[in-house]
Structures are given as structure tokens and as C-alpha cells.
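Atoms within a ligand are numbered from 1 in the order they appear, just like the ligands themselves. What you see below is based on every heavy atom in this structure, not just the backbone, and it leaves out hydrogens, waters and symmetry mates. The first residue in the sequence is number 1, and the count goes up from there.
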Amino acid sequence: MGRKPLVGISLKIYQNKIAEAVNYAQSISQLTNGETDLELFILPSMGVIYPVAQALHNRENVIGLGAQNIAPLANGALTGEFSIESLVDLQGHYVEIGHYERRTYFHEDDELINQKIQLTLKNQLVPLLCIGEAQQTTGAELKTVFKKILAADLANISPAQLATLIIAYEPYWAIGKAAAAKASYVAVAHTMIREALAELIGPTADNVRIIYGGSVSKDTAGSLVNNPNVDGVFVGRFGHDPQNFAEIVQIVKQVKLQAN
Ligand code: 13P
């Protein structure tokens with residue numbers, strides 16, 4: 001199917017000072033230098049996105065840049081928000097939308113998420129849509145949950161527009177924990193997501209990359225991606241050490257390239 005494996009990291013609001021964020025970006029860029037079999041991305045803390053963008057561009061690096069959130073409108077009276085216009089200007093590529101923390105702490109609903117996805121696509125950037133269930137759920141029920149979220153989040157968007165979409169499957173109950181969800185559970189969930197997506201958008205669902213996030217570490221990354229429907233990982237805390245992030249990249253590469 002030719003879906004390129006992906007490994008990305010969101011720094012949330014860790015590493016908020018220019019020097020530490022730039023050092024981190026430079027370190028992972030050095031340690032993964034020249035990686036072209038995988039697609040890599042970093043979503044820095046919003047306040048340091050500009051210096052990180054500069055650091056990445058200076059290295060002519062292959063690590064893509066993205067934002068953890070955008071406003072639902074490109075410009076206007078939305079105090080305190082971050083505009084997609086700034087991200088385009090910084091040559092950013094990915095827009096994370098609908099992370100659990102935004103849906104929960106900032107009460108983002110599916111309508112707002114849908115607006116942000118539409119705005120991202122209109123600007124030719126790549127939406128990284130996060131979805132997940134609140135509690136561990138079994139097969140068929142899980143698919144119903146995903147289909148409902150996806151139908152709402154992707155409403156009024158044509159399948160053709162969604163070819164670049166990335167979905168991050170992040171079960172709420174596995175974020176910020178000591179360990180990731182079990183690989184066997186994740187494999188079922190990703191299959192359910194792709195099936196639900198196929199029912200909504202048809203064959204384009206085969207192009208959509210679905211990556212797993214939620215307490216991913218170098219110890220679990222290999223087994224998590226060892227399934228054809230798991231196209232990579234979305235790393236958080238356990239990638240804060242650049243060496244660990246680089247190791248996760250290597251592990252994912254080994255498993256995914258072996259599989260192809
Ligand atoms: P943690 O790996 O720190 O649980 O974060 C996962 C996440 O939410 C990535 O977006």
C-alpha cells in the first residue's frame with residue numbers, strides 16, 4: 001500500500017525555553033540524520049516554535065515541523081490563539097488536532113475539530129487528527145466509538161481531500177501512564193479505525209496513516225508497530241531524551257522495513 005512509516009513527538013509544554021528546545025531539535029536531528037525511509041516530525045511547545053523552525057531549516061533537516069493546535073480561523077479576533085498563517089510562514093507541515101488534552105481540558109468538540117481540519121486542508125497542510133476511547137473497550141463496540149468520532153470530525157470533507165490525513169490513535173487511558181496500551185489491543189484498535197474509516201470514505205482509507213500514541217517507549221515501540229495497520233508511533237515523555245527518541249526511530253524502522 002506504500003504508507004510511509006512515521007515517528008513523531010509532541011513536546012506539549014515541556015521544553016519551553018529557546019535553548020533547551022533548540023538543543024533538543026538539533027540533537028534528534030543529528031541522531032537521526034539522513035533518515036529517509038521514515039517520516040519524522042516534531043511538534044514543539046508553541047512559544048518556541050519559531051526558533052525550533054529556524055534550527056531545523058538551518059540543518060536542511062528531514063524532520064518535519066508541526067503545531068500542536070491552531071485556531072479554527074486563519075485570522076481575526078481570537079485572542080490568545082495560534083494562527084495557521086504563522087505555521088505556513090514557518091514552513092510547518094503538520095497540524096495536530098483534537099488531542100485528548102484539548103478535547104478534555106479545553107472542551108474542544110467535534111464541530112470545532114472539523115473546522116480546524118478543514119482549515120488545515122485548505123492551507124495544504126497535513127492534519128494529524130487524534131482520536132481515542134475513554135476506557136478499554138472490546139472489538140465491535142470500539143469500532144462504533146471510532147466511527148462516531150470520525151464521522152463527526154471528518155464531516156463535509158471529500159475522500160479525495162483526506163488522502164494526506166494522519167490519524168493518531170491515543171487511547172485516553174494510556175496517555176501519561178507508565179506503559180503503553182498492549183500491542184494486541186492496539187492492533188485491534190487500528191484495524192477497527194481503518195475499517196470505520198473505509199466505511200466513511202471508501203478506498204482512500206488505505207492511504208491514511210494511523211499511528212499509535214500514549215506512553216510509547218523504546219521498550220514498547222517495536223511490538224506496537226508490528227502490525228500492518230500500525231504505521232508508526234507518536235511519542236511523548238519517553239522521547240524527551242534525544243537518544244531514546246533516536247532509538248525508537250531505529251526500532252520502528254527495523255520492524256517496518258522488515259515487514260515490507
Ligand atoms: P505520553 O507518551 O507522554 O503519554 O504522551 C503521549 C501523547 O499524548 C502524545 O501526543
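- Per-residue contacts place G236 under 4.0 angstrom from the following atoms of ligand 1 (heavy atoms of the residue considered): 1 (P), 2 (O), 3 (O), 5 (O).
- Contact atoms of ligand 1 toward F234: 10 (O) (distance under 4.0 Å to a heavy atom of the residue).
- A perpendicular orientation is assigned to the rings of W173 and Y185, their planes being inclined by more than 60° (bins at 30° and 60°).
- Within a 6.0 Å sphere centred on CD1 of I13, heavy atoms belonging to other residues, nucleotides or ligands number 12 at most.
- Given atom 3 (O) of ligand 1, the protein heavy atom at minimum distance is R237 NE, 2.6 Å.
- Between E170 and ligand 1, a contact under 3.5 Å exists for at least one N or O pair.
- Ligand 1 has no N or O atom lying under 3.5 Å from any N or O atom of I175, backbone or side chain.
- Among protein heavy atoms, the minimum distance from atom 4 (O) of ligand 1 is reached at G176 N, 2.7 Å.
- Among protein heavy atoms, the minimum distance from atom 5 (O) of ligand 1 is reached at K12 NZ, 3.3 Å.
- Taking every heavy atom of H99 and a limit of under 4.0 angstrom, the matching atoms of ligand 1 come to 7 (C), 8 (O), 10 (O).
- Residue S215 places at least one N or O, backbone or side chain, under 3.5 Å from an N or O of ligand 1.
- No side-chain donor-acceptor contact under 3.5 Å links Q15 and H240.
- Annotation: E101 places no N or O atom under 3.5 Å from an N or O atom of ligand 1; distance criterion only.
- Between R102 and D109 there is no salt bridge, since none of the side-chain N atoms of the basic residue sits less than 4.0 Å from a carboxylate O of the acidic one.
- Ring orientation note: the planes of H190 and Y169 are nearly perpendicular, at an angle over 60° on the 30°/60° scale.
- Side-chain N/O atoms of Y94 and E39 include a donor and acceptor closer than 3.5 Å.
- The 12-atom threshold is exceeded at CD of E199, counting heavy atoms of other residues, nucleotides or ligands nearer than 6.0 Å.
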